[in-house]
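Below is one structure, written out as structure tokens; comments come after it.
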Amino acid sequence: MGKVKASGPLSRRPDNSAFKQQRLPAWSPALSAHTLLPLFYALATLCVILGVWLLLTVQNTHEIKVDYTNSGTCDKCYELRKDRQNATVPCDCQVKFEIPDNFTGDVFFYYGLINFHQNLRLYMDSRDDAQLLGRKKNLKNPSSYCKPFDYVNGVPIAPCGAIANSKFNDSFVLYFEGPPRATVPLYRRGISWYTDQNVKFRNPTTNDTFTLAQAFEGTARPVFWQRAAYELDPSQPNNNGFSNEDLIVWMREAAFPNFKKLYAVLNRSPSPFKHGLPAGVYTIDIKYNFPVEYFRGRKEVVLSTVTWFGGKNHFLPIAYLVTGGLVLLLAALLTAVYIRVGKDGRNMQGL
């Protein structure tokens, strides 16, 4: 026979089982000074050791930032870009800087923007992921999320949206002044995430008789671009269209208004760059295209080495040291209270 349910006021009472009546065995530690204080001191020691270790690691990382917004000969380009009508007018400039110490190992070349908010929701939504996958239907029928950067004069934009339209389009050539003077070899491939390059961004299908330019026929380039998507990298035919790595890096939005994005990696094959960047004077030739006056921003070039911990960032080491210091201070305070009060609290009378 089935279980007979009780009726009346006892009908809602839980079953008389160990689980429902909370009689299962459990560990209920009785914390005391002899167990708690060693734990606090061990935790403080661990945090301090990790903080010192990470701080020493960060100190071995070299980084230099060069703000070129209106530095060197870029002041004329800065003034030129204030007028939107000059958006397509070419402007080249140079900035010199010095690296005081050798940058040993792999060196990464970043561009940085200050006060550019890529994390606004409407800005982040302004894209068509189906179009970026190279689907023919979406290539000429961009998503409504891309408005107002979906059509120009009735012609669909590819890639559409505010993110693609605002793509960073400055380019750089780095020179080591030596002696002798030499062009710093920069490797421009492999700068994007593997999943982005192989999963999220694809070009329309092409073959030997159907080129990428033909696939983009009937579309327009974004309003503020100087080249069409299929002409982004004339030197690398496989680095054009939606598979262009500069575009892919830019389309991954930054979380904060001040950020840097990878532009290139030092090619350490030729001399004198086999061990990294030697100390000395360097010159950057810049094709100055990206305006920053409209959002009161700044532009910079960042050269950095990395370790297993990443780039130069003092936040985590300082956080560990501060946490370790606070825990150690709390442990010392609890120790003083324990010594003053005693185990059973018998010395409370003298307080």
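The first residue in the sequence is number 1, and the count goes up from there. Keep in mind it's a predicted model, so treat the numbers as computed, not measured.
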Given 3.5 Å as the limit, does a donor-acceptor pair link the side chain of [X] with the main chain of [Y], or not?
X: Thr305; Y: His62; value: yes
X: Lys140; Y: Lys137; value: no
X: Thr35; Y: Ser32; value: yes
X: Asn244; Y: Leu247; value: yes
X: Asn207; Y: Thr209; value: yes
X: Lys312; Y: Val306; value: no
X: Ser126; Y: Leu122; value: no
X: Asn203; Y: Leu212; value: no

Using residues 213-238 as the side-chain source, report each donor-acceptor pair under 3.5 Å to any protein atom, sequence neighbours left out, with the distance given to one decimal.
unit_1, atom_1, unit_2, atom_2, d
Gln214, OE1, Thr211, N, 2.8
Thr219, OG1, Phe216, O, 2.5
Arg221, NE, Trp225, O, 3.1
Arg221, NH1, Gln226, O, 3.4
Trp225, NE1, Ala164, O, 2.7
Gln226, NE2, Ala87, O, 3.1
Gln226, NE2, Asn289, OD1, 3.4
Arg227, NH1, Leu232, O, 3.4
Asp233, OD1, Ser235, N, 3.3
Asp233, OD1, Ser235, OG, 2.7
Asp233, OD1, Gln236, N, 3.4
Asp233, OD2, Asn239, ND2, 2.8

Run the salt bridge (Lys or Arg N to Asp or Glu O under 4.0 Å) check on Arg188 and Glu245 step by step: do they pass? CA-CA 8 Å; Arg188 301 269 289 114; Glu245 294 205 49; over 6 Å; no

According to a hydrophobic-cluster definition based on side-chain heavy atoms being under 4.5 Å apart (Ile, Leu, Val, Met, Phe, Trp, Tyr only), do [X] and [Y] belong together?
X: Phe116; Y: Met124; answer: no
X: Leu50; Y: Val48; answer: no
X: Leu330; Y: Val327; answer: yes

Could you tell me if the side chain of [Y] sits less than 4.5 Å from the side chain of [X], heavy atoms only?
X: Arg252; Y: Lys200; value: yes
X: His117; Y: Phe256; value: no
X: Ile99; Y: Asp101; value: no
X: Leu174; Y: Thr183; value: no
X: Phe273; Y: Phe176; value: yes
X: Val52; Y: Leu321; value: yes
X: Tyr338; Y: Arg340; value: no

Assess the residue pair Tyr294 and Arg84 against the criterion (side-chain contact (heavy atoms from CB on, under 4.5 Å)); give the C-alpha distance rounded to whole Å, side-chain angles, the decisive distance to 0.1 Å, and a yes or no. CA-CA 10 Å; Tyr294 310 130; Arg84 288 184 174 88; 3.1 Å; yes

Classify the ring geometry between Trp250 and Phe259 as parallel (under 30°), tilted (30 to 60°) or perpendicular (over 60°). tilted

Crowding at [atom1], [X] (>12 non-hydrogen neighbours, <6.0 Å):
X: Trp308; atom1: CH2; answer: yes
X: Lys260; atom1: NZ; answer: yes
X: Phe295; atom1: CZ; answer: yes

Sole candidate of Tyr111, Phe109, Tyr110 that passes side-chain contact (heavy atoms from CB on, under 4.5 Å) when paired with Val302: Tyr110

Closest approach of Pro142 to Gln131 (non-hydrogen atoms, all atoms of both residues): CB-NE2, 4.1 Å

Contacts of Arg23 meeting side chain to side chain contact (heavy atoms under 4.5 Å, CB included) (sequence neighbours excluded), chain-then-number -> Asn16, Ala18, Gln21

Side chain to side chain contact (heavy atoms under 4.5 Å, CB included) partners for Ile248, two or more places apart: Ser192, Asp196, Gln197, Phe201

Sulfur-sulfur distance Cys74/Cys93 under 2.5 Å: yes

Salt bridge flag under 4.0 Å for residues [X] and [Y]:
X: Asp125; Y: Arg127; result: no
X: Glu253; Y: Arg121; result: no
X: Lys76; Y: Glu79; result: no

Could you walk me through whether Ile191 and Tyr263 pass the side-chain contact (heavy atoms from CB on, under 4.5 Å) test, one step at a time? CA-CA 7 Å; Ile191 60 176; Tyr263 180 80; 5.9 Å; no

Going by the side-chain hydrogen bond (donor to acceptor under 3.5 Å, both in side chains) test, which pairs reach into residues 153-168, not counting sequence neighbours? Tyr123-Ser166

Working to the nearest 0.5 angstrom, can you tell me the gap between [X] [atom1] and [Y] [atom2]?
X: Tyr145; Y: Asp150; atom1: OH; atom2: CG; value: 13.5 Å
X: Asn60; Y: Thr307; atom1: CG; atom2: OG1; value: 8.0 Å
X: Arg181; Y: Tyr175; atom1: CZ; atom2: OH; value: 6.0 Å

Using the test side-chain hydrogen bond (donor to acceptor under 3.5 Å, both in side chains), find all partners of Tyr68 that sit at least two apart in sequence or belong to another chain. Asp170

Going by distance alone, is a donor N or O of one side chain under 3.5 Å from an acceptor N or O of the other, for Asp67 and Thr69? yes

When you look at Arg298 and Glu293, which way does the salt bridge (Lys or Arg N to Asp or Glu O under 4.0 Å) test go after all the steps? CA-CA 8 Å; Arg298 308 287 298 179; Glu293 173 66 19; over 6 Å; no

Below 3.5 Å, can you tabulate the donor-acceptor pairs from side chains in residues 277-285 to any protein atom, sequence neighbours excluded?
unit_1, atom_1, unit_2, atom_2, d
Tyr282, OH, Pro278, O, 2.5
Thr283, OG1, Glu177, OE2, 2.6
Asp285, OD1, Gln94, NE2, 2.7

